[in-house]
**Q** 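Take a look at the following structure, please.
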Number of protein chains: 2
Amino acid sequence: MLLAVGDIYKALADPTRRAILDELCERDRQTLFELCGRLAVKHGLSSSRQAISQHLDVLAAAGLIGVEREGRYKFHTIDTSPLRAIAERWPPRGGGDGP
Amino acid sequence: MLLAVGDIYKALADPTRRAILDELCERDRQTLFELCGRLAVKHGLSSSRQAISQHLDVLAAAGLIGVEREGRYKFHTIDTSPLRAIAERWPPRGGGDGP
DNA sequence: AGCATAGGCAAGTAAACACTTGCATGTCAA
DNA sequence: TTGACATGCAAGTGTTTACTTGCCTATGCT
(Lines give C-alpha, C1' and ligand atoms only; values in the text may rest on other atoms or scores of the structure.)
Protein backbone atom coordinates (compact mmCIF):
# COMPACT_ATOMS: atom_id res chain seq x y z
CA MET A 1 0.00 0.00 0.00
CA LEU A 2 1.53 3.22 -1.17
CA LEU A 3 0.74 5.90 1.34
CA ALA A 4 1.79 8.85 -0.81
CA VAL A 5 2.86 11.05 2.05
CA GLY A 6 2.43 14.09 -0.11
CA ASP A 7 4.50 16.93 1.15
CA ILE A 8 3.59 18.76 4.31
CA TYR A 9 5.91 21.59 3.31
CA LYS A 10 4.23 22.13 -0.02
CA ALA A 11 0.85 21.75 1.66
CA LEU A 12 1.67 24.56 4.08
CA ALA A 13 2.99 26.83 1.35
CA ASP A 14 -0.45 28.12 0.34
CA PRO A 15 -2.12 30.79 2.49
CA THR A 16 -5.58 29.43 1.77
CA ARG A 17 -4.60 26.02 3.08
CA ARG A 18 -3.12 27.63 6.18
CA ALA A 19 -6.42 29.45 6.72
CA ILE A 20 -8.23 26.12 6.45
CA LEU A 21 -6.01 24.73 9.19
CA ASP A 22 -6.64 27.87 11.27
CA GLU A 23 -10.37 27.44 10.90
CA LEU A 24 -10.24 23.73 11.77
CA CYS A 25 -8.22 24.64 14.84
CA GLU A 26 -11.07 26.83 16.02
CA ARG A 27 -13.84 24.43 15.10
CA ASP A 28 -12.90 20.92 14.21
CA ARG A 29 -14.93 18.42 12.18
CA GLN A 30 -16.42 20.67 9.52
CA THR A 31 -17.88 19.81 6.16
CA LEU A 32 -16.77 21.34 2.88
CA PHE A 33 -19.72 23.74 2.76
CA GLU A 34 -19.23 24.79 6.35
CA LEU A 35 -15.60 25.57 5.67
CA CYS A 36 -16.50 27.58 2.59
CA GLY A 37 -18.90 29.73 4.56
CA ARG A 38 -16.74 30.27 7.60
CA LEU A 39 -13.60 30.96 5.57
CA ALA A 40 -15.46 33.61 3.63
CA VAL A 41 -16.92 35.32 6.67
CA LYS A 42 -14.21 34.99 9.30
CA HIS A 43 -11.08 34.91 7.17
CA GLY A 44 -12.09 37.12 4.29
CA LEU A 45 -11.47 34.44 1.70
CA SER A 46 -13.46 34.28 -1.49
CA SER A 47 -12.54 30.85 -2.76
CA SER A 48 -14.96 28.65 -4.63
CA ARG A 49 -16.17 25.31 -3.37
CA GLN A 50 -14.00 23.47 -5.86
CA ALA A 51 -10.92 25.41 -4.88
CA ILE A 52 -11.44 24.58 -1.21
CA SER A 53 -12.11 20.97 -2.11
CA GLN A 54 -8.82 20.70 -3.96
CA HIS A 55 -7.00 22.30 -1.06
CA LEU A 56 -8.56 19.74 1.28
CA ASP A 57 -7.27 16.98 -0.99
CA VAL A 58 -3.74 18.37 -0.70
CA LEU A 59 -4.00 18.69 3.07
CA ALA A 60 -5.34 15.15 3.36
CA ALA A 61 -2.55 13.78 1.17
CA ALA A 62 -0.07 15.47 3.48
CA GLY A 63 -1.72 13.87 6.49
CA LEU A 64 -2.62 17.22 8.00
CA ILE A 65 -6.36 16.55 8.00
CA GLY A 66 -8.44 13.43 8.30
CA VAL A 67 -11.71 12.77 6.52
CA GLU A 68 -14.73 10.95 7.90
CA ARG A 69 -17.73 10.13 5.78
CA GLU A 70 -21.23 10.04 7.26
CA GLY A 71 -24.07 9.72 4.81
CA ARG A 72 -23.83 12.58 2.42
CA TYR A 73 -21.63 14.59 4.75
CA LYS A 74 -17.87 14.44 4.88
CA PHE A 75 -16.26 15.84 7.99
CA HIS A 76 -12.72 17.13 8.11
CA THR A 77 -10.58 17.01 11.22
CA ILE A 78 -7.18 18.56 11.73
CA ASP A 79 -4.13 16.46 12.55
CA THR A 80 -1.15 18.46 13.71
CA SER A 81 1.13 15.51 14.41
CA PRO A 82 3.03 15.70 11.09
CA LEU A 83 4.14 19.20 12.05
CA ARG A 84 6.46 17.78 14.67
CA ALA A 85 8.75 16.52 11.94
CA ILE A 86 9.57 20.11 11.01
CA ALA A 87 10.86 21.11 14.43
CA GLU A 88 12.70 17.82 14.77
CA ARG A 89 14.41 18.09 11.41
CA TRP A 90 16.04 21.41 12.22
CA PRO A 91 16.30 21.46 16.01
CA PRO A 92 17.04 24.69 17.88
CA ARG A 93 20.73 25.40 17.95
CA GLY A 94 22.71 26.29 21.03
CA GLY A 95 22.09 23.09 22.92
CA GLY A 96 19.86 23.75 25.95
CA ASP A 97 16.14 23.86 25.40
CA GLY A 98 15.43 25.34 28.79
CA PRO A 99 16.10 28.79 30.32
CA MET B 1 13.42 49.97 6.36
CA LEU B 2 11.03 47.36 5.09
CA LEU B 3 11.96 44.01 6.53
CA ALA B 4 9.95 41.91 4.09
CA VAL B 5 9.45 38.88 6.29
CA GLY B 6 9.05 36.74 3.24
CA ASP B 7 7.22 33.54 3.93
CA ILE B 8 8.82 30.75 5.90
CA TYR B 9 6.20 28.35 4.56
CA LYS B 10 6.97 29.11 0.95
CA ALA B 11 10.67 29.03 1.75
CA LEU B 12 10.35 25.50 3.12
CA ALA B 13 8.30 24.30 0.17
CA ASP B 14 11.29 23.62 -2.05
CA PRO B 15 13.33 20.43 -1.49
CA THR B 16 16.58 22.13 -2.53
CA ARG B 17 16.09 24.80 0.12
CA ARG B 18 15.37 22.13 2.72
CA ALA B 19 18.61 20.40 1.73
CA ILE B 20 20.45 23.68 2.21
CA LEU B 21 19.06 23.90 5.74
CA ASP B 22 20.03 20.27 6.34
CA GLU B 23 23.56 21.00 5.22
CA LEU B 24 23.81 24.14 7.35
CA CYS B 25 22.60 22.10 10.31
CA GLU B 26 25.55 19.79 9.89
CA ARG B 27 28.11 22.49 9.20
CA ASP B 28 27.12 26.05 9.87
CA ARG B 29 28.69 29.19 8.41
CA GLN B 30 29.36 28.12 4.85
CA THR B 31 29.96 30.18 1.74
CA LEU B 32 28.00 29.83 -1.46
CA PHE B 33 30.73 27.77 -3.15
CA GLU B 34 31.10 25.52 -0.15
CA LEU B 35 27.39 24.86 -0.13
CA CYS B 36 27.40 24.11 -3.85
CA GLY B 37 30.10 21.50 -3.44
CA ARG B 38 28.76 19.82 -0.34
CA LEU B 39 25.19 19.76 -1.63
CA ALA B 40 26.37 18.05 -4.80
CA VAL B 41 28.48 15.44 -3.02
CA LYS B 42 26.52 14.71 0.14
CA HIS B 43 22.97 15.38 -0.96
CA GLY B 44 23.13 14.37 -4.60
CA LEU B 45 21.99 17.77 -5.83
CA SER B 46 23.14 19.16 -9.14
CA SER B 47 22.06 22.75 -8.85
CA SER B 48 24.03 25.58 -10.36
CA ARG B 49 25.67 28.29 -8.35
CA GLN B 50 23.05 30.81 -9.40
CA ALA B 51 20.22 28.49 -8.42
CA ILE B 52 21.68 28.00 -4.94
CA SER B 53 22.26 31.72 -4.64
CA GLN B 54 18.64 32.47 -5.38
CA HIS B 55 17.54 29.87 -2.87
CA LEU B 56 19.75 31.49 -0.27
CA ASP B 57 18.05 34.81 -0.99
CA VAL B 58 14.66 33.25 -0.33
CA LEU B 59 15.84 31.62 2.88
CA ALA B 60 17.38 34.89 4.06
CA ALA B 61 14.18 36.80 3.28
CA ALA B 62 12.29 34.29 5.38
CA GLY B 63 14.72 34.79 8.25
CA LEU B 64 15.81 31.17 8.19
CA ILE B 65 19.44 31.99 7.47
CA GLY B 66 21.67 34.91 8.34
CA VAL B 67 24.40 36.30 6.14
CA GLU B 68 27.72 37.69 7.27
CA ARG B 69 30.11 39.35 4.87
CA GLU B 70 33.87 39.11 5.34
CA GLY B 71 35.96 40.43 2.52
CA ARG B 72 35.01 38.59 -0.59
CA TYR B 73 33.42 35.76 1.37
CA LYS B 74 29.84 35.64 2.50
CA PHE B 75 29.03 33.17 5.22
CA HIS B 76 25.57 31.73 5.77
CA THR B 77 24.30 30.64 9.16
CA ILE B 78 21.08 28.83 9.93
CA ASP B 79 18.44 30.35 12.19
CA THR B 80 15.75 27.93 13.26
CA SER B 81 13.86 30.32 15.51
CA PRO B 82 11.18 31.23 12.94
CA LEU B 83 10.19 27.56 12.83
CA ARG B 84 8.66 27.86 16.28
CA ALA B 85 5.83 29.89 14.84
CA ILE B 86 4.64 26.83 12.94
CA ALA B 87 4.20 24.62 15.98
CA GLU B 88 2.66 27.51 17.91
CA ARG B 89 0.16 28.35 15.21
CA TRP B 90 -1.38 24.88 15.19
CA PRO B 91 -0.71 23.48 18.63
CA PRO B 92 -1.15 19.78 19.36
CA ARG B 93 -4.77 18.97 20.05
CA GLY B 94 -6.08 17.02 23.00
CA GLY B 95 -5.36 19.66 25.62
CA GLY B 96 -2.80 18.43 28.13
CA ASP B 97 0.70 17.72 26.94
CA GLY B 98 1.42 15.59 29.98
CA PRO B 99 -0.12 12.35 31.33
C1' DA C 1 -40.45 8.95 -8.00
C1' DG C 2 -38.93 13.70 -7.90
C1' DC C 3 -36.06 17.21 -6.25
C1' DA C 4 -32.64 19.55 -3.50
C1' DT C 5 -28.38 19.03 -1.02
C1' DA C 6 -23.41 17.55 -0.52
C1' DG C 7 -19.72 16.36 -2.91
C1' DG C 8 -16.60 14.46 -7.13
C1' DC C 9 -14.12 14.43 -11.64
C1' DA C 10 -11.63 16.38 -15.38
C1' DA C 11 -10.00 19.57 -18.85
C1' DG C 12 -8.46 24.30 -19.57
C1' DT C 13 -6.22 28.92 -18.16
C1' DA C 14 -3.29 32.30 -16.00
C1' DA C 15 0.03 33.32 -12.62
C1' DA C 16 4.00 31.84 -9.77
C1' DC C 17 8.25 29.55 -9.46
C1' DA C 18 12.84 27.28 -10.31
C1' DC C 19 16.34 27.44 -13.28
C1' DT C 20 19.35 29.06 -16.98
C1' DT C 21 22.20 32.38 -19.58
C1' DG C 22 25.14 36.24 -19.95
C1' DC C 23 27.43 39.90 -18.15
C1' DA C 24 28.91 42.97 -14.22
C1' DT C 25 30.95 44.13 -9.58
C1' DG C 26 34.11 43.65 -5.88
C1' DT C 27 38.09 41.47 -3.34
C1' DC C 28 42.62 39.60 -2.92
C1' DA C 29 47.38 38.07 -4.38
C1' DA C 30 51.38 38.57 -7.45
C1' DT D 1 47.83 46.86 -12.47
C1' DT D 2 46.70 42.31 -14.04
C1' DG D 3 44.41 38.14 -13.28
C1' DA D 4 41.84 34.82 -10.57
C1' DC D 5 38.33 34.10 -7.28
C1' DA D 6 33.66 34.93 -4.95
C1' DT D 7 29.50 36.83 -5.66
C1' DG D 8 25.57 39.93 -7.84
C1' DC D 9 22.08 41.30 -11.21
C1' DA D 10 18.59 40.74 -14.69
C1' DA D 11 16.10 39.03 -18.65
C1' DG D 12 14.26 34.77 -20.63
C1' DT D 13 12.33 29.79 -20.48
C1' DG D 14 9.82 25.71 -19.05
C1' DT D 15 7.32 23.55 -15.46
C1' DT D 16 4.17 23.69 -11.45
C1' DT D 17 0.31 25.31 -9.26
C1' DA D 18 -4.17 27.50 -8.03
C1' DC D 19 -8.30 28.37 -9.89
C1' DT D 20 -12.23 28.11 -13.00
C1' DT D 21 -15.80 25.86 -15.84
C1' DG D 22 -18.93 22.30 -16.82
C1' DC D 23 -20.94 18.12 -15.98
C1' DC D 24 -21.65 13.97 -13.06
C1' DT D 25 -22.69 10.76 -8.79
C1' DA D 26 -24.77 9.93 -4.35
C1' DT D 27 -27.60 10.73 -0.29
C1' DG D 28 -31.80 12.26 2.04
C1' DC D 29 -36.39 14.30 2.34
C1' DT D 30 -41.32 14.72 0.82
Side-chain angles (χ1 to χ4, degrees), chain A residues 4-24 27-41 43-62 64-77, chain B residues 4-24 27-41 43-62 64-77:
Chain A
V5 167
D7 192 340
I8 62 170
Y9 303 100
K10 251 177 2 184
L12 291 176
D14 188 88
T16 302
R17 286 197 285 269
R18 295 198 292 270
I20 291 175
L21 293 179
D22 288 340
E23 176 54 33
L24 285 177
R27 170 182 287 218
D28 210 0
R29 196 177 161 81
Q30 292 193 53
T31 68
L32 172 60
F33 271 44
E34 267 181 296
L35 279 167
C36 284
R38 298 176 72 93
L39 284 171
V41 173
H43 300 260
L45 293 197
S46 59
S47 299
S48 68
R49 176 184 64 88
Q50 289 86 348
I52 303 281
S53 175
Q54 287 167 6
H55 283 309
L56 289 174
D57 288 342
V58 176
L59 289 170
L64 287 167
I65 63 172
V67 287
E68 208 176 335
R69 188 117 214 189
E70 275 184 25
R72 59 174 161 172
Y73 299 106
K74 194 176 164 191
F75 297 100
H76 302 83
T77 53
Chain B
V5 166
D7 192 341
I8 62 170
Y9 303 100
K10 248 174 12 180
L12 292 175
D14 188 88
T16 301
R17 285 195 287 269
R18 295 197 292 269
I20 291 175
L21 293 180
D22 288 340
E23 176 55 32
L24 284 177
R27 170 182 286 219
D28 209 0
R29 196 176 163 81
Q30 291 192 53
T31 67
L32 173 58
F33 270 43
E34 267 182 295
L35 280 167
C36 285
R38 297 176 72 92
L39 284 172
V41 173
H43 300 260
L45 293 197
S46 61
S47 298
S48 70
R49 175 185 65 87
Q50 289 85 348
I52 304 281
S53 175
Q54 286 167 7
H55 283 310
L56 289 173
D57 288 342
V58 175
L59 289 170
L64 287 167
I65 64 172
V67 287
E68 208 175 336
R69 189 115 215 190
E70 276 186 23
R72 59 174 161 173
Y73 299 105
K74 194 175 162 192
F75 296 99
H76 301 84
T77 53

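The structure presented is a predicted model; accordingly, all values stated were derived computationally and were not measured. Within every chain, numbering begins at 1; the chains are lettered A, B, ... in the order of the sequence lines, protein sequences first and strands thereafter.
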**Q** Would you mind reading off the distance between L39(A) atom CG and dC19(D) atom P, rounded to a whole angstrom?
**A**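 Distance check: L39(A) CG to dC19(D) P gives 12 Å.
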**Q** Summarise protein proximity over nucleotides 6-19 of chain C in one line of letters, 5' to 3': B for base, S for sugar-phosphate only, - for none, counting protein heavy atoms closer than 4.0 Å.
**A** SBBB-------SSB
**Q** Between atom CG in L45(B) and atom C1' in dT20(C), what is the gap in whole Å?
**A**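 The answer, rounded to whole Å, is 17 Å.
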**Q** Side chains of L32(B) and K74(B): does their closest heavy-atom pair fall under 4.5 Å?
**A**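 No; the side chains remain at least 4.5 Å from each other.
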**Q** More 5' along DNA chain D: S46(A) or E70(A), using each one's nearest nucleotide?
**A**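 Closest to the 5' end, via its nearest nucleotide, is S46(A).
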**Q** Do E68(A) and R29(A) touch side chain to side chain, with heavy atoms closer than 4.5 Å?
**A**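 Heavy-atom side-chain distance check passes, below 4.5 Å.
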**Q** Between R18(A) (side chain) and A13(A) (backbone), is there a donor-acceptor pair under 3.5 Å?
**A**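 Side chain of R18(A) to backbone of A13(A): a pair is present.
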**Q** Are F75(B) and V67(B) packed together at the side-chain level, in the sense that at least one heavy-atom pair is separated by less than 4.5 angstrom?
**A**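 No, their side chains stay 4.5 Å or more apart.
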**Q** Do L64(A) and V58(A) come within less than 4.5 Å of each other through their side chains, counting heavy atoms only?
**A**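 L64(A) vs V58(A): side chains apart.
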